[in-house]
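For reference, the structure is listed below as structure tokens.
Being a predicted model, the structure only gives us computed values, none of them experimental.
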Amino acid sequence: MIDNIRDFLQVYVENWSNWGPQIYAAVGVTIQLTVASFSMAIVLGLLLALGKMSRFPLLRAFCVAYVEVARGIPVLAILFLLYFGL
């Protein structure tokens with residue numbers, strides 16, 4: 001078992017000089033996407049929370065309906081929809 005792990009890791013050691021720059025670039029893009037996603041989620045969540053506290057019944061009903069529908073859809077279904085839909 002130790003030999004299998006050593007063989008597995010040896011591939012990465014041998015090819016790190018080729019793969020390293022691509023991995024570093026991918027990590028940078030991942031961090032940028034994460035920050036952008038969190039920022040948009042905070043803004044959308046704040047707007048929906050304020051909408052749920054609104055005095056306007058139509059706006060309040062829309063925000064409540066959106067939140068309840070979003071809570072009711074499984075995350076895996078959304079991921080499949082995004083992956084296969086895009």
Which salt bridge (Lys or Arg N to Asp or Glu O under 4.0 Å) pairs, counting each pair once, include a residue from [range], with sequence neighbours left out?
range: residues 29-49; answer: none
range: residues 74-86; answer: none
range: residues 8-29; answer: none
range: residues 16-35; answer: none

I42 side, atom CD1; L44 side, atom CG - distance, nearest 0.5 Å: 11.0 Å

Separation between CG of L86 and CG of L81, rounded to the nearest 0.5 Å: 8.0 Å

Remaining members of hydrophobic cluster (4.5 Å side-chain criterion), V13: none

Whichever hydrophobic residues join I2 through chains of side-chain contacts under 4.5 Å: none

Show me the donor-acceptor pairs within less than 3.5 Å that the side chains of residues 21-37 make with the rest of the protein, sequence neighbours left out.
unit_1	atom_1	unit_2	atom_2	d
T30	OG1	A26	O	2.8
T34	OG1	T30	O	2.8
S37	OG	L33	O	2.8

Please answer: with hydrophobic residues joined when any side-chain heavy atoms are less than 4.5 Å apart, are [X] and [Y] in the same cluster?
X: M53; Y: L48; result: no
X: L76; Y: Y83; result: yes
X: L9; Y: V11; result: yes

Listed partners of V43 passing side chain to side chain contact (heavy atoms under 4.5 Å, CB included), at least two apart: L47

Non-hydrogen atoms of C63 and G51 that approach each other most closely: SG-CA, 3.6 Å

Close side-chain approach of V75 to L79, heavy-atom, < 4.5 Å: yes

Neighbour count above 12 (heavy atom, 6.0 Å) for L58 CG: no

Qualifying side-chain hydrogen bond (donor to acceptor under 3.5 Å, both in side chains) pairs, either residue in residues 50-68, two or more places apart: none

Test ring-ring contact (aromatic ring centres under 6.0 Å, His included) applied to F80 - qualifying residues, sequence neighbours left out: F84

Residues in ring-ring contact (aromatic ring centres under 6.0 Å, His included) contact with F38, at least two apart in sequence or another chain: none

Partner set under side chain to side chain donor-acceptor pair (under 3.5 Å) for D3, not counting sequence neighbours: R6

